[in-house]
Structure formats: C-alpha cells, structure tokens
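Computed from a prediction, not measured in an experiment: that's the story for all the values here. So you know, we letter chains A, B, ... as the sequences are listed, proteins then strands, and number each from 1.
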Amino acid sequence: MGGTFLATNPYKGTRDFYPEDMRLRNWFFSKMRDVVEQYGYEEYGGPILESFDLYAAKSGQELVNEQIYHFEDKGNRRLAIRPEMTPTVARMVASRINELAFPLRWYSIANLMRYERPQKGRLREHWQLNVDVFGEEGIHADFEILSLIVDLMQAFGADGGMYNLRISNRRFFNDVMREVLKAAPEQIHVISKAVDKRSKISEEEYRNWLADSGISPEQVAQLDKVFASSFEELCACLPADSRGVAELQGLFSLLEETGFNSFCEFDFSVLRGFDYYTGTVFEVFDTSPENRRSLFGGGRYDDLIGLFSKQAVSGIGFGFGDVTFQDFLQIHNLIPADLAATGEVMIATFEDTPYREYARLSSELRSAGIANNIYLDVSAKMKKQLTYAERKGFPVVVFLGRQEIEDGAVVIKHMARREQETVSRGEYLEKLRGWLKS
RNA sequence: GUGACCGUAGUUCAAUCGGUAGAGCACCAGAUUGUGGAUCUGGAUGUUGCGGGUUCAAGUCCCGUCGGUCACCCCA
C-alpha cells in the first residue's frame, strides 16, 4: 500500500478559510474598511516577516519573546513572523519621518502570529484591524478614535446594550496613586497589576496580593475609597494642574456634547498592560453573559518611534482581532443570513449544442456585469445540473439548447420561484437583471 | 509553560459488565434520456487519531504521543 496519507487539518491554532468562511471575513472587514475610510484613514501594509530585533529590542519582555515565531534565513538573518503590527508601523513612520505630513491617520488589516496555547477567543494566527493616529498629542485624536469605535460597532448593528466602552487614563491613575495613596513609583506598578487582576481573583487574593507587595493597610483603605468614589470626587483630590484630570474631563465633555457618551463610561480599573500606554486607555467589553470578556482595547503611547529616531511621535490607536469579533457577532446574532455566493447565473449545457455557444453566452453575460458559470460537463443530466445550481445557490439558470438557438432565444429559470420563461436574445438581459435585483 | 475534559463513516452521534462497529443526515446511482427542494429503491464508507501495554478477547482498561476544546499564565 502507499502508506499513510498526510493530515488534512491546518496547523495548530490556524484556520482554513473555506469560501463561506472567507465570505464572512470579507464581509466584516470590508464593513470596517468603509467606516475607517469615511473617517479619512489611509491603509498601509507591511511584510509578514520582520527582523527579530524589531521585537526583541522592544521593552525586552521575555514572555513576548517566547510567543514569537522566529528562525534564521539562509543568510543567517534572524527573522520573526510579526506578532503585532505596531513595530512595523513604527518602523515605517520612522523611516519617512521628515516626509510625512502629521498627523497621520493610518489603518491596516493584517494577519499576525503568536506561539501560544489556543483557547476561546485566541488562536495562533489571527487577523486584526489596526487603527492609529500618529503625531497628535491632544485629546481631539483620542476623541476621534473613540467615536470611530462606536461607529464601527454601530455599522454592525451593535447597540450600547451589547458592549461597553470603558475609558480611563494612565496619567490620571498615576496622579491618584501619588496624591491620594501617597504611593511611590514602584508601588504604583504593583498596585496597577493588582487592580488589573481585581475582577478575576477573589477579594481575599486581591488583598493578600496588595499586602504582600508592601502596600500599607492605610493605602489599601485609601484604594477602597478611591474605587467607591465618583470621577468628580477623585478629580477634587488632585491638583488643579493635573494633566490626567484635564484630559479625561476634556474627553468626556466632548463625548457628552456629541452624544457618544451613552456608549462610553469612565472605569478606573481599566489599565491595559504596562509601560506602553501613557495617557488615555480604553477597553471594549462584550456585555453578553456567555462572553463577558474584553473584545479589544487600546490607548495612547507617547513615543512610538524611540527605537529608530530621536524625534518623538505620540500616537493613539487600537487593534481589533477577528477571532473575538466573530464570537461577538455570533452571540449577538449580527451575522446576516444571506452572505451569498458570488455567482449569479449558471448556464446549463446540452451535449448536442456546440460548446462555443456557451462560451459566447457566458462572455455576453460577463460584459453585462453578470457573474456566471458554465456547467462544464455537457453530458450530465439536467437533474444533476440543477441540483448543482441549487446547492451552489445560483438564483438563476439559463438554458441554451438546439431549440433556443433555432428560435434566437434563451430559457431563463428563476430557481427560488421555480418559474421559467423563454425570452428572445434581445431582451433576456433586461429580464435577468430585474430578477437578480429582487 | 500548568491543569481538566474529549477524539468512532463526509458529518452528528450510538455501541450494556471488556465479547468480533451501527443509526440519522449528507453523498452517489436509478424510478424520470431538456428541469432542482418531496417520496421510494439500491449503493459506497471506517487501520475506532496514532504507537505500545494488559487480556482468550480492547472503541471500551493502562501508558505514551498527536490533535481538539476550556481554564490558568500572558496579553498586541
């Protein structure tokens, strides 16, 4: 025997996109593209392989390095498959820093890979929409990104009840820690980690974590008070010149004035990882009980291109992955049922008719802008041809046989209505168009 | 990296205490030689993920491995 066959399953944590899967992905990414381009964002792209140093240099996180696919090429260059898009954009921006007109509004839709254990909402390869504003420090950019997110969600019919957009600010957080808790810089780091975990771990674990990290009982008490306080009360505790306060107040008054505030809320516990973010941070949560998780998030970082240039470029943006988003769409029933196949017309064939007639008809339809297939096996029974047409979801089948050629006509058949009629070659296109519209 | 559960036909699943693997759907052919969703008739299909062990006998028990799912870890 020929031995064993190769496995047909895709590599762990990656997915095959069969035509129906591709339709879904194309559907939502093109919708996203529409929204983002209406905001005047420009698309960019980059290579899937980058120098390993591009990632290794960045903040030197061991864990990130463990999640990077890397290897050596034939010229002994150390390469990595991109695990995120930001270093690539940073490189691109830095490379043309003097030529680009800031602020930039850029977006990309790219596939990324990370070596990790697949689980719900997270695979080894995923596709992600990245949207950023570069070179603008003011909160107008922050506001724009947040309103863009709301519009993005709305484009899919997601209303405020389906998701939460929670917003905070790293500067504000740091100010509160310093002024209210009198926390030292190292303590702030520890506290932010504990706060980040707060919703996931038990009350006891949370308190132990803080105590074990050298946070005094007084500080813990203050922290409890902070969480019980409103945004306004917290602001009152901070100096009048607090930048964090000014940014959050400015941002929220803009959101209120434009009506976007009904989708947004202040949430002191939103922190989004570390170091990276310096100002506004935000996170979008799914509100459905089955999927109470973060869909995506982002924030402001002060220096995007420090690795490449002396000049600092501030930016704000987010990355929105397809895996979590698909879960979201499914749970909230936001995927349209009629993401149909692309073919509009199938041309049925007969053995006793010259094939060139079908080639001509097909070309005639294409010129008219009607996508079509010729049934290739002319000896196949009509039952088989029609079954095929039905399974493929062709709304219309056209018959062209000896009789029709003699009469200068075609038979067009409306599959869903199970009706058909004979129409002259001069008029069938118009009739067909009418059918395809409805 | 740690832990839990799962892996049987294309698919969804069944198989009693360990006793020689079966059903629905789907598929193919025909009833219908130029007309599809129903019905009827017939048909094909498995190294039970893989490798080893225990046993007279393993889909079933044990070990390993690969794959899937989920949680932890981590998070763009």
How would you list, by chain and number, every residue that makes a side chain to side chain donor-acceptor pair (under 3.5 Å) with [X], sequence neighbours excluded?
X	answer
A:D34	none
A:R360	none
A:Y206	none
A:R425	A:E364

Report each atom pair, protein N/O against N/O of nucleotides 26-34 of chain B, whose distance is under 3.5 angstrom.
residue : atom : partner : partner atom : Å
B:G30   : OP1  : A:K381  : NZ           : 2.7
B:G34   : N1   : A:E404  : OE1          : 3.1
B:G34   : N1   : A:E404  : OE2          : 3.1
B:G34   : N2   : A:E404  : OE2          : 3.0

Considering only the [atom1] atoms, how many Å lie between [N] and [M], rounded to the nearest integer?
N	M	atom1	answer
B:G30	B:C70	P	44 Å
B:G53	B:G18	C1'	15 Å
B:A31	B:U12	C1'	30 Å
B:A15	B:G24	C1'	15 Å
B:C6	B:U20	P	24 Å
B:C27	B:G46	C1'	16 Å
B:U54	B:G59	P	16 Å
B:G22	B:U48	P	13 Å

Exercise. Return the orientation label for the A:Y44 and A:W106 ring planes: parallel under 30°, perpendicular over 60°, tilted otherwise.
Key: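 Ring orientation of A:Y44 relative to A:W106: tilted.
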
Distance check needed: [N] [atom2] versus [X] [atom1], whole Å only.
X	N	atom1	atom2	answer
A:I68	B:A76	CD1	P	13 Å
A:E419	B:G36	CD	P	16 Å
A:F296	B:A76	CZ	C1'	13 Å
A:F320	B:C75	CZ	P	21 Å
A:E116	B:A76	CD	P	11 Å
A:Q67	B:A76	CD	C1'	10 Å
A:E50	B:A76	CD	P	18 Å
A:L386	B:G36	CG	P	6 Å

Self-check item: salt bridge (Lys or Arg N to Asp or Glu O under 4.0 Å) partners of residues 12-22 of chain A, not counting sequence neighbours, each pair once
Solution: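 Found A:R15-A:D322.
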
Practice problem: Evaluate the side-chain proximity of A:F350 to A:Y358: yes if any heavy-atom separation is below 4.5 Å, no if none is. | Solution: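 They are in contact (side-chain heavy atoms under 4.5 Å apart), so the answer is yes.
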
Practice problem: Starting from Watson-Crick (N1-N3 plus N6-O4 or O6-N4) and G-U wobble pairs under 3.5 Å, report the runs of at least three that RNA chain B belongs to. | Solution: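 When the pairs of RNA chain B are grouped into runs of at least three, the stems are B:1-7 with B:66-72, B:10-13 with B:22-25, B:27-31 with B:39-43, B:49-53 with B:61-65.
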
Quiz item: When we call it a touch if two heavy atoms are under 4.0 Å apart, what does A:M415 touch: a base, just sugar-phosphate, or nothing?
Solution: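 Result for A:M415 = base.
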
Exercise. May I ask you to say what A:A416 touches in the nucleic acid, namely base, sugar-phosphate or nothing, with a heavy-atom cut-off under 4.0 Å?
Key: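 Base contact.
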
Table please: side-chain donor-acceptor pairs of residues 304-314 of chain A below 3.5 Å, with sequence neighbours left out.
residue : atom : partner : partner atom : Å
A:S309  : OG   : A:Q311  : N            : 3.0
A:S314  : OG   : A:R300  : NH1          : 2.6
A:S314  : OG   : A:Y301  : O            : 3.4

Self-check item: Residue list, ring pair (Phe, Tyr, Trp, His ring centres under 6.0 Å) with A:F28, at least two apart or on another chain
Solution: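 Checked A:F28 against ring pair (Phe, Tyr, Trp, His ring centres under 6.0 Å); matches are A:F325.
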
Exercise. List the steps and the verdict of salt bridge (charged side-chain N to carboxylate O under 4.0 Å, His left out) for A:K431 and A:E427.
Key: CA-CA 7 Å; A:K431 185 92 190 169; A:E427 293 163 7; over 6 Å; no

Quiz prompt | Those residues that, when tested against A:R166, pass salt bridge (charged side-chain N to carboxylate O under 4.0 Å, His left out) (two or more places apart) | solution =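 Here the qualifying residues are A:D267.
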
Exercise. Tell me, please, which residues at least two apart from A:R105 pass salt bridge (charged side-chain N to carboxylate O under 4.0 Å, His left out).
Key: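 Residues passing salt bridge (charged side-chain N to carboxylate O under 4.0 Å, His left out) with A:R105: A:E144.
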
Practice problem: On RNA chain B, check which nucleotide each of A:Y115 and A:H126 is closest to and give me the residue with the more 5' one. | Solution: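 So the residue in question is A:Y115.
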
Self-check item: Base-contact (B) and sugar-phosphate-only (S) positions in nucleotides 66-72 of chain B, heavy-atom cut-off under 4.0 Å, - elsewhere
Solution: -SS-SSB

Quiz item: So, the side chain of A:D132 versus the backbone of A:N130: is there a donor-acceptor pair under 3.5 Å, distance only?
Solution: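 No.
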
